[in-house]
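The first residue of the sequence shown is numbered 1, and numbering continues consecutively from there.
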Amino acid sequence: MSDKELLYQSIAWAAEREPVITRRFYEILFERYPVVKPLFGRNSGDAQARMLQDAIVAALDHIEDGQWLSDTLGAIGVKHLTYGVTDEMYPWVGECLIATLAEHCGDRWTPEHQAAWGNVYGALTDLALAGANRARAAQA
Ligand code: HEM
């Protein structure tokens, strides 16, 4: 099974437990990394988590379109600077997102799912941070 198939499969399984992996994601994130809590609030938590999930699904739909990925994730990275998101927070969010999915998938979750999610989240993070770094360099 390809990474993409593993990702869609685990999203579908997780959706059986929680249609959008919101509530549990925030519980895990705020429990493990309470320092990020004050960053959220402009939108309701549910709306924000839906945006994160939608952004990931949109990225999966464009996984072969390097230009789209670079432009879209680069812009997200720039916007996140204005939210006060720091580079070190990216792995925290990935860890909690993957932990939520693993919990929802239960026994069906495999090391292959874990690896596929690690790969895709890592790639999206690299693109977001590249955008943020370009913006920081332009300001310096
Ligand atoms: C590659 C990883 C990520 C993706 C794809 C992503 C995606 C998004 C999207 C699509 C939005 C809403 C619209 C926008 O601002 O463009 C958003 C908002 C936000 N994200 Fe992320 N995000 C990521 C990582 C993070 C990280 C690491 C943090 C740190 C805690 C974070 C915190 C926030 C906050 C605070 C908002 C605004 C929420 C509000 O308005 O209350 N995100 N994110």
Option passing side chain to side chain contact (heavy atoms under 4.5 Å, CB included) with Val120 (candidates Leu60, Asp3, Leu6): Leu60
Under 3.5 Å, side chain of [X] to main-chain N/O of [Y], donor-acceptor pair present?
| X | Y | answer |
| --- | --- | --- |
| Thr72 | Trp68 | yes |
| Thr82 | Lys79 | yes |
| Tyr121 | Tyr90 | yes |

Side-chain heavy atoms nearer than 4.5 Å, only ILVMFWY residues, links allowed to pass through others: does that put [X] and [Y] together?
| X | Y | value |
| --- | --- | --- |
| Val36 | Leu81 | no |
| Val85 | Ile76 | yes |
| Leu101 | Trp13 | no |
| Trp92 | Ile28 | no |
| Leu127 | Val57 | yes |

If you define the side chain from C-beta out and look only at heavy atoms, does anything of [X] sit under 4.5 Å from [Y]?
| X | Y | result |
| --- | --- | --- |
| Glu95 | Arg32 | yes |
| Trp109 | Ile98 | yes |
| Gln9 | Arg108 | no |
| Leu7 | Ile56 | no |

Nearest non-hydrogen partners of [X] and [Y], listed with the distance:
| X | Y | value |
| --- | --- | --- |
| Gly77 | Ala132 | O-CB, 3.8 Å |
| Pro34 | Glu31 | CD-O, 3.7 Å |
| Ser70 | Arg134 | O-NH2, 4.3 Å |
| Glu88 | Pro91 | O-CD, 3.2 Å |
| Gly131 | Val78 | O-CG2, 3.5 Å |
| Cys105 | Ser10 | SG-O, 3.4 Å |

Intermediate values then yes/no, side-chain contact (heavy atoms from CB on, under 4.5 Å), Glu112 and Met1: CA-CA 9 Å; Glu112 287 73 30; Met1 208 181 259; over 6 Å; no
Rounded at 0.5 Å granularity, tell me how far [atom1] in [X] sits from [atom2] in [Y].
| X | Y | atom1 | atom2 | value |
| --- | --- | --- | --- | --- |
| Cys96 | Arg24 | SG | CZ | 10.0 Å |
| His104 | Ile11 | NE2 | CD1 | 12.0 Å |
| Leu124 | Leu69 | CG | CG | 7.0 Å |
| His62 | Leu73 | NE2 | CG | 11.5 Å |

Test side chain to side chain donor-acceptor pair (under 3.5 Å) applied to Asp61 and Tyr8, step by step: CA-CA 10 Å; Asp61 290 340; Tyr8 280 122; 2.3 Å; yes
Parallel, tilted or perpendicular: ring planes of Tyr26 versus Phe40, cut at 30 and 60 degrees: perpendicular
Lys4 atom NZ: more than 12 heavy-atom contacts under 6.0 Å: yes
